[in-house]
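Working notes for the structure below.
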Amino acid sequence: MKLYYTAGACSLNSHILLCETGIPFTTEAVDLKNKKTASGKNFLDITVRGQVPTLQFDDGSVLTENIAIAQYIADKAPEKKLLAPVGEMQRYQTIAWFNYIATEVHKLFGAIFFPVSEIAAEAAINNLLNKFSYIDSVLAKTPYISGDHFTIADAYLFVVSRWSKMIPNLPSYPAFEQFIERVKNRPAVKAAIAQEEGDNI
Ligand SMILES: N[C@@H](CCC(=O)N[C@@H](CS)C(=O)NCC(=O)O)C(=O)O
């Protein structure tokens, strides 16, 4: 199984989850602008969607979309409790958070980094700060976004939180910042980041 990723992009979420499970996998970096992989392949031949994360299996088939890949990885190693079992309400609460991060937080960064106008960028930043305040209020009551355990939703929230460094004058979100520190210190998170940054420590 191979993960196609771009350093620091949302594919870091899949990368962290793979490291959390201990499932064997390989990786290949993708230049998203030119749609070229590190070994020189046309990324569009692997997935016409041209987006990371993309997981490729030994038979050549692929799975795309963060929400599908995260569930696939979590279900491969149920003992890691990255996602509660099918039928348990906790599973759907975690998936609800994951989708909230994908649709309400992740996509706002696109509107901030590639704005159609200055007004649109400002509106997206204000919207994002409101979302961060809400997330901070949730994390003031619970160590992880959907409860007591680190889940697929936490890996994703951590990844998008790293992009906020590029927003000037970001207010302080104490519980959110503590959460980021907590997640940053997980060995799997450190391993995935180190690999993406080409650092073998
Ligand atoms: N719907 C996709 C979105 C993934 C996505 O936005 N990937 C970005 C990197 S964070 C990407 O590949 N962008 C390049 C492009 O869209 O061409 C998912 O949830 O997995």
Exercise: do D136 and S133 side chains pair donor with acceptor under 3.5 Å: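 No.
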
Would you check if [X] and [Y] make a side-chain contact, meaning some heavy-atom pair closer than 4.5 Å?
X	Y	result
I145	T94	no
T151	L82	no
I46	Q56	yes
N66	S14	yes
Q71	I95	yes
R182	F150	no
W97	L157	no

Minimal non-hydrogen separation, [X] against [Y], with atom names:
X	Y	value
S11	L3	O-CD2, 4.1 Å
A155	I16	CB-CG2, 4.1 Å
T142	G147	OG1-O, 2.8 Å
R49	T64	NH1-OG1, 2.9 Å
G8	V159	O-CG1, 4.4 Å
L32	G50	CD2-O, 3.7 Å

With a cut-off of 6.0 Å (strictly less than), are more than 12 heavy atoms of other residues, nucleotides or ligands near [atom1] of [X]?
X	atom1	answer
F114	CZ	no
K81	NZ	no
E177	CD	yes
D59	CG	yes

Measure from the side-chain N and O atoms of Y92 to the backbone N and O of G87, and report whether any donor-acceptor pair falls under 3.5 Å. yes

Hydrophobic cluster membership, [X] vs [Y], 4.5 Å side-chain cutoff:
X	Y	result
M89	V86	yes
I152	L139	yes
M1	I67	yes
V48	F43	no
V138	V160	yes

From [X] atom [atom1] to [Y] atom [atom2], the distance as rounded to the nearest 0.5 Å:
X	Y	atom1	atom2	answer
L12	E196	CG	CD	4.5 Å
L128	I135	CG	CD1	8.0 Å
L44	Q51	CG	CD	10.5 Å
Y72	L63	OH	CG	8.0 Å
N185	I180	CG	CD1	12.0 Å
I69	L55	CD1	CG	5.5 Å

Out of the candidates Y134, F132, F179, only one should pair with Y173 under the ring pair (Phe, Tyr, Trp, His ring centres under 6.0 Å) rule; please name it. F132

From F158, Y4, Y5, residue fulfilling ring pair (Phe, Tyr, Trp, His ring centres under 6.0 Å) relative to H15: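 With H15 as partner, ring pair (Phe, Tyr, Trp, His ring centres under 6.0 Å) holds for just one option, Y5.
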
Can you give me every donor-acceptor pair (side chain of residues 99-113, partner residue at least two apart or in another chain, under 3.5 Å) with its distance?
unit_1 : atom_1 : unit_2 : atom_2 : d
T103   : OG1    : N99    : O      : 2.8
H106   : ND1    : Y156   : OH     : 2.6

By salt bridge (Lys or Arg N to Asp or Glu O under 4.0 Å) - contacts of R162 (at least two apart): E197

Charged N-O contact under 4.0 Å between R91 and D75: yes

Which pairs with one or both residues in residues 16-45 pass salt bridge (charged side-chain N to carboxylate O under 4.0 Å, His left out), sequence neighbours excluded? K2-E28, E20-R186, E28-K41

As a test of understanding, state which of N13, D154, L83 forms a side-chain contact (heavy atoms from CB on, under 4.5 Å) with F98. N13

